[in-house]
2 protein chains.
Amino acid sequence: MASAKDRILDSFEDILIKEGERAATMDAVAAAAGVSKGGLLYHFPSKEAMVEGLCQRLEALTEDDAVKIGAAPEGAARYYVRTSHYVDSPLDRAIVAVARLVQQGHPAAAHAFSRIQDLWLKALEEALGSRPLAQAVKLMGDGLYYSATFFSGNAQPADVTEVEMEALLEQVDALVARN
Amino acid sequence: MASAKDRILDSFEDILIKEGERAATMDAVAAAAGVSKGGLLYHFPSKEAMVEGLCQRLEALTEDDAVKIGAAPEGAARYYVRTSHYVDSPLDRAIVAVARLVQQGHPAAAHAFSRIQDLWLKALEEALGSRPLAQAVKLMGDGLYYSATFFSGNAQPADVTEVEMEALLEQVDALVARN
DNA sequence: GTCTATATTGTGATAGAC
DNA sequence: GTCTATCACAATATAGAC
């Protein structure tokens, strides 16, 4: 069984993703994690501490992913854009959850988010050998990620189908081939 | 002098952009607009009504912009990506403000946002004559917009310089030329 | 390590004077 | 049209029992 701390962070993530930051109260998180409010406050003495815990989880998961970008057989550009399609992985969940916190001005979340963007851009630039190309690729991936995860719950606007993703990856290939 | 309703919406926007949704309380908006809470509630009888008012402003501004996309001398693709650079225009401010509301799950905001994305994609597709191309261009613009406006206040991570924007527009030109 | 109170403050909304 | 109370409720956090 996962530790109480992990279960609490899982529940915190879940509510942030599905219902937004405002719904992610200490009360709601405690109930979802199956502990009392007092029990939650034993593990995370303040809400800020809980936010901090989630940020640390995100940074660790991103560092792993940055390594994978450089090692992807299909190439860094394709890997980045393809994995920018939200699939509810632990990394995806952590990203979206922390993104919600950033939008509310939580300083720790903003710092963590800024740092992971840097990690990705640097990994792309190193693998592709061109900064403008790395930026164009990153923007496509970010735009994709953004449109898929922006809306709370399942109210996504422009869901990308498999066919559209293939067409998009061809556009990416064209850019890489040109540079 | 602007009407009281407009001043209230301006202040609502301002706080949403700079401090996030949580800070945009009725109290804070009233104070920033220079009216009392009771005064505010005369114009907008509930917070939901105030949200609705901002959404209507956004939709009107976007409809104007969609027309400009089709008429841009530099071409629709260049126009879209270039104007995706946040410049604090009335449209930019409305977009970011409503974006903050979407992230909190306000249904009216989600609906308005979904609608304006549709307007833009359709305008691009019509002007460029290709759906995959329109999507790739839109994603680059959205990614750009997203990274520039995602963070509250001025805590922007990957601010794009003029030189970088030119390099990016060249990538866009390459895509358009290929299709 | 987890619980039940409870204190304290912030937030949306109402009532009614001017 | 705008104001000053004031209410009802929700949110973070504390204290102390088990």
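Here the structure is a predicted model, which is why all the values come from computation and not from measurement. Chain letters run A, B, ... following the sequence lines, proteins first, then strands; residues in each count from 1.
Rounded to the nearest 0.5 angstrom, A:R100 CZ and A:L16 CG are separated by 8.0 Å.
Distance alone, capped at 3.5 Å, places no donor-acceptor pair between the B:S114 side chain and the B:A110 backbone. Judged purely by atom type and a 3.5 angstrom limit, B:D92 uses its side chain to pair as donor or acceptor with the backbone of B:V87.
In this structure, A:R7 places its CZ atom 12 Å from C1' of C:dG1, rounding to the nearest Å. We find that NE2 of B:H43 is positioned 6 Å from C1' of D:dG1, with the value rounded to whole Å.
Applying the salt bridge (Lys or Arg N to Asp or Glu O under 4.0 Å) test to A:E63 and every residue at least two apart in sequence or in another chain returns A:R115.
Cation-pi geometry between A:K5 and A:F44 is satisfied (NZ or CZ under 6.0 Å from the ring centre, within 45° of the ring normal).
In terms of phosphate contacts, A:Y42 brings no side-chain nitrogen or oxygen within less than 4.0 Å of OP1 or OP2 of C:dT2.
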Treating primed atoms plus P, OP1 and OP2 as sugar-phosphate and everything else as base, which nucleotides of nucleotides 3-18 of chain C get B, S or - for protein heavy atoms under 4.0 Å?
BB------SBBB----

